Amino acid sequence: MLKSHGCGELRAEHIGQQIRLAGWVNRRRDHGGLTFLDLRDRSGVVQVVANPGTSGEFHTTAADVRAEWVLQIEGIVRLRPEGMQNAELPTGQVEVEVHRLQVLNPAKTPPFLINEESEVDEMVRLQYRYLDLRRERMQRNLVLRHKVIKYIRDTLDRRGFLEIETPILFKATPEGARDYLVPSRLYPGEVYALPQSPQQLKQLLMVSGLERYFQIARCFRDEDQRGDRQPEFTQLDVEMSFVEREDVMALLEELYTGMLASLFPERQVQATPWPRLTYPEAQNRFGTDRPDLRFGMELKDVSDLAAGSGFRVFEAAVASGGEVRAINAKGCAGFSRRELDELTQFVASFGAKGLAYLALPESGEPRSSFAKFLATDRLEALRARLEAEPGDLLLFVADRRAVVLESLARLRSHLGARLGLYDSKLLSFCWVIDFPLVQWNEQEARWDPSHHLFTAPLPEDVHLLEHQPGRARGQQYDVVLNGHETAGGSIRIHDRALQERIFQLIGLEIETAKQRFGHMLTAFEYGTPPHGGIASGMDRLCMVLAQEPNIREVIAFPKNQAARDVMAGAPSMAEPGALRDLHLQIVDGRPGRPKG
RNA sequence: GGGGGUGUAGUGUAGCGGCCAAACACGCUGCCCUGUCAAGGCAGAGAUCGCGGGUUCGAAUCCCGUCAUCCCCGCCA
């Protein structure tokens, strides 16, 4: 080893020891006759001192080095002189007196500062990701991610789970997200698909009798990006045999609760055990199936008060089968016209045709877009329902139910963040259960599975499949963390006949199903144990734990918004020979861009 | 596919029709300096204001287009 200690490990107990260090120059403070170098490696930073008296010729070398040069240093750990200790630094009691200094590698001046947490344009960070990863923030995040995954592996191992790898080259499934396809060289026109998740494979492992499987699985989906969505992402994938819904839920809750206690004891969890909401309850109270429970501002149905109120917008919505709902933005009665316009524009992007308001100032007359149409007793009833006090601002959307829920749910999160209604360090988990098994797809005029097509219905709801499929609940469960969908799973169908009824229900011809899932259906005929599982997004979990605004900050080499790797320049144009091998011809599209 | 924001030295920003052959901070280069730790002092280099076109007597500044990037909608079983 080129070093005997990590820079950040040195303490008073090392005083007097002859040691070797190797690392990067974090900072140089040159006083002419005396030169300080902060030497950095993954373990931290320690001050190194060179002067002509103790370091001889190496003092000159020390004066010549620059930030990010790679050095090896031999020297003695000294107690720092009285008054020169640095309480800010874990190694601040000591310093290393240089006896020998070797430049292992000089460095160009980096495009941005490595040694401080300055804001840098993300494109530059991604282009020089290897330098960005040298910075404290990213090292901290990667360590956090490692610890999270290590904890999961250790704990599941102790609980009898096997970690089993599944193929990256697999079979395309037209349902769901767009697949990444890999053309086959050996079979013209045929393709592999990268898995959107190991869903089918883990169920087959249950058929195989492995009973308890998990994997830290890379998943691929060729859809447009978001701050919390990358083309490839990592899931904790779990599947268990001979379990019921409660068993899987208990496993994941214990796993995460234990992890937080063990790795993040300082982080406050809002409630344990995690609250449970049924899907209808989540929809009704928060307008979404991934409610952020860190704050209130629940949606209140005021359709009954809106009907026949005299305000045509409200009346019309209710009369045509829609709803009127409202939220109470506490203390926001002072919002300006401009601010209200902004909120209106905000909900408009989710389909709301308008945003009615009733502002109740501390003093003076209420301001409202509709109050003049309403009788006093109706206004009073509205105030009462929304528990409005002087200073509050009530915001109403009247529309189709789906639009009302969506736009108010979004408005609620928007306001929650904007008004700082919660402690951003707080962790608020909840379960959402009892999802409808299938949802009506208006465009295609058919029933679509709301989770996936192997999800089992609740036993007591099976009879509904025939005539009221929309009312049948699935044995599905989602974990929501601070408004982010963090995990989701279900008990699967292990009965061939029931599986075929589901195919029938969602309009999947049995022949088509056989083509796509024949291996599954056949497998299920050979003694399938009842089984279920869950999958949890590691990137989103780590993002929340690291308190980062997007998952790129917890991924070593992420793609940008346009799904490009700006460091390596991927994707890039294929060599003509490679295309020929793959039996491919480019018939359309822009020629490739030069790599960044 | 659509909407919005941003683009000015290496980095972060200011300037938003003439006072700008562009300012500040950090970084960088050189010199001075033996107790600093965001070291300090002095001197200096570094930008055709993303790109193209237009309006104007005059454009970093206004308009159009384009590219890049971020956020969002659609999409993501």
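The structure presented is a predicted model; accordingly, all values stated were derived computationally and were not measured. Letters A, B, ... are given to chains in the order of the sequence lines, protein chains preceding strands, and every chain is numbered from 1.
Closest approach to the R410(A) side chain among G12(B), U36(B), C72(B) is made by C72(B) (side chain taken as heavy atoms from C-beta onward). For R27(A), whose side chain is taken as the heavy atoms from C-beta onward, the closest listed nucleotide among U36(B), A38(B), C76(B) is A38(B). For D30(A), the side-chain atoms get nearest to C33(B) when compared with the rest of C33(B), C70(B), C76(B). Of the candidate nucleotides C75(B), C37(B), C33(B), C37(B) has the atom nearest to the side chain of Q47(A). Candidate nucleotides C76(B), G35(B), C70(B) were compared by shortest atom distance to the side chain of E95(A), and G35(B) ranks first. For N51(A), the listed nucleotide lying nearest its side chain is U34(B); candidates were U34(B), U29(B), C71(B).
Looking at which nucleotide of RNA chain B each of E122(A) and T109(A) is closest to, the 5′-most match is held by T109(A). Ranked by how close their nearest RNA chain B nucleotide is to the 5' end, D121(A) and L34(A) are led by D121(A).
Residues from residues 76-93 of chain A that place a heavy atom under 4.0 Å from any atom of RNA chain B, listed by number: R80(A), P81(A), M84(A), Q85(A), N86(A).
Residue-level contact check: S450(A) touches the backbone only, with heavy atoms under 4.0 Å from sugar-phosphate atoms and none from bases. Within 4.0 Å of R552(A), counting heavy atoms only, lie sugar-phosphate atoms of the nucleic acid but no base atom. Across all strands, E119(A) comes closer than 4.0 Å only to sugar-phosphate atoms, never to a base (heavy-atom distances). Counting non-hydrogen atoms under 4.0 angstrom, D222(A) reaches nothing in the nucleic acid.
Atom CD of E406(A) and atom C1' of C72(B) are 12 Å apart (whole Å). Nucleotide G27(B) holds its C1' atom 17 Å from the CH2 atom of W69(A), rounded to whole Å. What separates CD of E116(A) from C1' of C37(B) is a distance of 13 Å, to the nearest Å. The separation between F517(A) atom CZ and A77(B) atom P is 13 Å, rounded to whole Å. Rounding to whole angstrom units, CD1 of residue I551(A) and P of C71(B) are separated by 10 Å. As rounded to whole Å, 13 Å separates atom P of C72(B) from atom NE2 of H414(A). Atom CG of N115(A) and atom P of U36(B) are 20 Å apart (whole Å). To the nearest angstrom, P of C72(B) lies 16 Å from CD of E223(A).
C64(B) sits 15 Å from A59(B) when the C1' atoms are compared, rounded to a whole Å. Look at the P atom in both A21(B) and U13(B): the space between them is 25 Å, to the nearest Å. Between G17(B) and U55(B), the distance separating the two C1' atoms is 12 Å to the nearest Å. Taking atom P in both G50(B) and A14(B), the straight-line distance is 14 Å, to the nearest Å. Nucleotides U61(B) and C49(B), compared at atom C1', are 10 Å apart to the nearest Å. Annotation: U36(B) and C72(B) have their C1' atoms spaced 48 Å apart (nearest Å). Using C1' as the reference atom, G46(B) and U8(B) are 14 Å apart when rounded to the nearest Å. When the C1' atom is used for both U66(B) and A22(B), the distance is 25 Å, rounded to whole Å.
Contact annotation: R29(A) side-chain N/O to A39(B) OP1/OP2 distance is under 4.0 Å. Between Q196(A) and C76(B) there is no side-chain polar atom (N or O) within less than 4.0 angstrom of OP1 or OP2.
Donor-acceptor pairing under 3.5 Å is lacking for the side chains of E500(A) and Q504(A). With 3.5 Å as the limit, one finds no donor-acceptor pair spanning the side chains of E9(A) and H14(A). Counted by atom type alone, D292(A) and S413(A) present zero donor-acceptor pairs between their side chains at under 3.5 Å. When only modelled atom types and interatomic distance are considered, Y477(A) and D434(A) share no side-chain donor-acceptor pair under 3.5 Å. Inspection of the D179(A) and Q196(A) side chains reveals an N or O donor paired with an N or O acceptor under 3.5 Å. Side-chain polar atoms of Q47(A) and R29(A) form a donor-acceptor pair below 3.5 angstrom.
The side-chain hydrogen bond (donor to acceptor under 3.5 Å, both in side chains) contacts involving residues 76-93 of chain A comprise R78(A)-E97(A), where partners must be two or more places apart or lie in separate chains.
More than 12 heavy-atom neighbours from other residues, nucleotides or ligands sit within 6.0 angstrom of OH on Y422(A). Counting heavy atoms of neighbouring residues, nucleotides and ligands inside a 6.0 Å radius, atom CZ of R290(A) does not exceed 12 of them.
Under the 6.0 Å cut-off for aromatic ring centres, W24(A) and W69(A) do not qualify, their centroids lying 6.0 Å or more apart.
Nucleotide G7(B) forms a Watson-Crick or G-U wobble pair with C67(B), both donor-acceptor distances falling under 3.5 Å. The partner of G18(B) is C57(B), by the rule that a Watson-Crick or G-U pair needs both atom distances under 3.5 Å. The partner of G44(B) is C28(B), by the rule that a Watson-Crick or G-U pair needs both atom distances under 3.5 Å. Shown here, C33(B) forms no base pair; nothing in the strands shown gives a Watson-Crick or G-U wobble contact with both key distances under 3.5 Å.
Judged by distance alone, with hydrogens and angles left aside, the side-chain atoms of E68(A) form no donor-acceptor pair with the main-chain N or O of N26(A) at under 3.5 Å.
In this structure, the aromatic ring of H31(A) is positioned over the six-membered ring of the base of A39(B), centres within 5.5 Å and planes within 30°.
In this structure, F503(A) and F517(A) have parallel ring planes: the angle between them is below the 30° cut-off, well short of the 60° mark.
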All N/O contacts under 3.5 Å from nucleotides 1-10 of chain B to the protein, with atom names and distances to one decimal?
unit_1 : atom_1 : unit_2  : atom_2 : d
G10(B) : O2'    : P111(A) : O      : 2.4

